Number of protein chains: 2
Amino acid sequence: MSDAGEEAVVRRWRDLLACYSTVSCALDRALQDAHGIGMSEFEALDRLVDATCEQRRMHDLAGDMYLSQSALSRTVARLERAGLVGRTMCDDDRRAIFVTLTEAGRERHAQARRTQRAVLAEHLAPEPEPARAGA
Amino acid sequence: MSDAGEEAVVRRWRDLLACYSTVSCALDRALQDAHGIGMSEFEALDRLVDATCEQRRMHDLAGDMYLSQSALSRTVARLERAGLVGRTMCDDDRRAIFVTLTEAGRERHAQARRTQRAVLAEHLAPEPEPARAGA
DNA sequence: CGAAGTTACATGCACATGCATTGGATGTCC
DNA sequence: GGACATCCAATGCATGTGCATGTAACTTCG
């Protein structure tokens with residue numbers, strides 16, 4: 001590979017890193033300050049709201065998120081402790097756990113979502129396109 | 001802001017998140033497996049190599065990296081423990097610490113750099129993918 | 001049925017990070 | 001010069017994460 005190509009890739013990586021760091025930091029802080037939840041918690045709530053059934057198995061949730069199984073387990077535990085989700089047994093497969101949004105969870109998400117949109121709009125303004133690439 | 005605009009921003013954020021997660025995870029794993037250093041350590045070495053003087057104050061290093069002051073302090077401590085950098089007093093300002101690359105550090109960086117380039121090339125391929133390659 | 005293997009989730013542990021604080025060195029203002 | 005604010009780096013502490021493991025439930029094969 002040419003040096004020029006390598007340099008371009010490295011530059012792209014640095015842009016990606018810079019962009020991610022800035023946005024995730026701002027987002028996490030805003031969510032924490034305004035709603036008492038972190039980015040991971042918000043993402044989990046978001047996935048639950050997206051799900052039409054609003055009741056998903058841990059395993060399926062994990063597939064949508066960039067968290068390890070253990071991290072997700074604890075994230076859901078925090079959400080449950082906060083009363084934002086509930087865990088219910090799944091009769092079809094009793095190893096599995098259904099995670100369900102509570103009313104409080106739905107409300108909190110609706111509020112947090114506004115914060116999230118605001119932060120994203122501020123930092124990912126539809127200016128020139130940011131770093132991006134295939135995974 | 002319009003719903004369409006919001007959606008575009010959110011989609012951009014998800015792409016960014018996906019891309020960052022994939023690349024940083026792969027990179028960290030590759031560096032750790034092949035060279036026994038993590039991403040932060042590599043970044044620190046990289047900044048030191050970039051610096052023409054190859055001797056930078058902690059504070060300056062911190063400015064270039066997306067790490068808190070304390071995290072950088074510990075990162076440098078790990079690098080020092082591994083013999084890859086040295087800390088020397090700065091006579092001009094005795095609060096400051098000069099971080100200097102050791103010969104071992106320079107070598108390790110040279111090797112790790114190849115790994116980094118390979119991983120970045122694989123995941124951030126600069127090839128003109130048709131339209132978008134968003135994950 | 002029953003044993004071995006697999007899957008889903010929780011948990012012990014190690015570790016990296018951020019925040020707040022500390023300790024020491026500089027700078028400033030009187 | 002002396003008191004006070006500021007700055008640099010290190011560290012105590014709380015927290016979130018991943019890996020390895022534990023436990024229970026499901027599956028497969030004999």
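These numbers were taken from a predicted model, which means no experiment stands behind them. Per chain, numbering begins at 1; letters A, B, ... match sequence-line order.
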Rounded to whole angstroms, how far apart are CD1 on B:I97 and P on D:dC7?
18 Å
Figure out the CD/P separation between A:E41 and D:dT17, and round it to whole Å.
7 Å
For a quick check under 3.5 Å, do B:T115 and B:H35 share a side-chain donor-acceptor pair by atom type?
yes
Please state how far atom CE in B:M39 lies from atom P in D:dT17, giving the value in whole angstrom units.
16 Å
Got a sec, which residues hit salt bridge (Lys or Arg N to Asp or Glu O under 4.0 Å) with B:R106, two or more places apart in sequence or on another chain?
B:E54, B:E103
Side-chain (B:T75) to main-chain (B:E41) donor-acceptor, under 3.5 angstrom
no
Could you tell me which non-hydrogen atom of A:C19 sits nearest to which non-hydrogen atom of B:L16, and how far apart they are?
SG-CD2, 3.7 Å
Separation of atom CZ in B:R57 from atom P in D:dA9, rounded to whole Å
6 Å
Separation of atom CD in A:E43 from atom P in D:dT17, rounded to whole Å:
12 Å
Ion pair present between B:R14 and A:D46, side-chain N to carboxylate O less than 4.0 angstrom?
yes
Where each residue is assigned the nucleotide of DNA chain C containing its nearest heavy atom, which of A:S73 and A:R29 is assigned the position nearer the 5′ end?
A:S73
Please state how far atom CE in A:M65 lies from atom C1' in D:dG16, giving the value in whole angstrom units.
13 Å
Is the CZ atom of B:R29 crowded by more than 12 outside heavy atoms at less than 6.0 Å?
no
Between B:S21 (side chain only) and B:L17 (backbone N and O only), is there a donor and an acceptor less than 3.5 Å apart?
yes
Find the distance A:L72:CG to D:dG18:P and express it as a whole number of Å.
10 Å
Under a 4.0 Å heavy-atom criterion, DNA chain C is touched by chain B from C:dA16 to C:dT26
What is the distance, rounded to the nearest whole Å, between atom OH of B:Y20 and atom P of D:dT17?
12 Å
Using nucleotides 20-26 of chain D, report all nitrogen or oxygen pairs with the protein that are shorter than 3.5 Å.
unit_1: D:dC26; atom_1: OP1; unit_2: A:R94; atom_2: N; d: 2.9

When you measure from the side chain of B:S24 to the backbone of B:Y20, do you find a donor-acceptor pair of N or O atoms at a distance under 3.5 Å?
yes
salt_bridge(B:D60, B:R47) N-O dist < 4.0 Å:
no
Below 4.0 angstrom from OP1 or OP2 of D:dG16, is there any side-chain N or O of A:S68?
no
